Amino acid sequence: MPNRHRSRPCALAEMTLVVDEFDVRVTRKMIRNLYLRVRPADGSIEVSAPARMGDERIVDFVRERRGWIERQQQRLAAARRNSPTGGGGADGETFAWSDERKRAAAAAINCQLPALLAHWEPIVGRSPSHITLRVMSSRWGSCTPRTGRIRLNLQLGLMDERFLDYVLIHEMTHLWANGHGAEFQRRMDRYLPNWRQLRRELNRQVVL
């Protein structure tokens, strides 16, 4: 999970560049470096670029990373096919959030939360002020330590219960430690000794 507490540069302009056979969504921001991302949900390509950088430099940047992009797209496509909430059925149907799926996922999480909180709050030593469930496109959870609010990805309600357990503890630990530095890791080691293995397993899943 990325550091949620660092302010993000605002987008100044957005456009789509065609680089060979790739459609690349380019967002220009007040940043100094180029950043490339392949979206887990659909394998689309996104680039964040400095505000005044020319299109030619961005095209070269994408072409230089063609092999990495293709490997990422292949890996993510395989993960979506194998994901319990991904698409890839025999008829080629892809996953889409419906009201019924949202209700089922929320019900699954809400059924588990009381027991999880009753178990972990005394161990962690802090309690969230509020927990919100929502569809997230790029993360499993987030926390605002100042207010004590935690947000959980609704997709966790459709996955193995151990992932909800891990993400909840992860976000509750942020009530003590903003980032993922030494204090965060020390606390996670104490609360959940196998948290690194769970993190690796969760990172192999696709956020939809």
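Keep in mind that the numbers below use all heavy atoms, side chains included, and drop hydrogens, waters and symmetry copies. The residues of the chain are indexed from 1 along the displayed sequence. These figures come from a predicted structure and were not determined experimentally.
With hydrogens and angles ignored, the 3.5 Å screen pairs no side-chain donor or acceptor of T27 with any backbone N or O of E14. Judged by distance alone, with hydrogens and angles left aside, the side-chain atoms of D160 form a donor-acceptor pair with the main-chain N or O of R162 at under 3.5 Å.
Residues D20 and V59 form no side-chain contact, since every pair of their non-hydrogen atoms from C-beta on lies 4.5 Å or further apart. Residues L156 and L168 fail the side-chain proximity criterion, which asks for heavy atoms closer than 4.5 Å. Considering only heavy atoms from C-beta on, R25 stays 4.5 Å or farther from V47 through its side chain. Taking the side chain as every heavy atom from C-beta outward, W176 and V124 approach each other to under 4.5 Å. Side-chain atoms of V62 and L17, non-hydrogen and from C-beta on, never get closer than 4.5 Å to each other.
Counting heavy-atom neighbours within 6.0 Å of E100 CD, excluding the residue itself, gives a total of 12 or less. Other residues, nucleotides and ligands contribute only 12 or fewer heavy atoms inside 6.0 Å of the CZ atom of R134.
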Evaluation steps, side-chain hydrogen bond (donor to acceptor under 3.5 Å, both in side chains), between T144 and R151: CA-CA 9 Å; T144 306; R151 288 156 292 278; 2.7 Å; yes

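Ring geometry for F184 against W195 counts as perpendicular: the plane angle is over 60°, on a 0 to 90° scale with 30° as the lower cut.
Rounding to the nearest 0.5 Å gives a distance of 15.0 Å between CH2 of W140 and CZ of R199.
No donor-acceptor contact under 3.5 angstrom links the side chains of T173 and R126, judged on distance only. Judged purely by distance below 3.5 Å, without hydrogens or angles, the side chains of E70 and Q74 never pair a donor atom with an acceptor atom.
The residues R65 and D60 are annotated as not salt-bridged, no charged nitrogen and carboxylate oxygen being separated by less than 4.0 angstrom.
Residue I169 is not grouped with residue M136 when hydrophobic side chains (ILVMFWY) are merged at heavy-atom distances under 4.5 angstrom, including chains of intermediate members.
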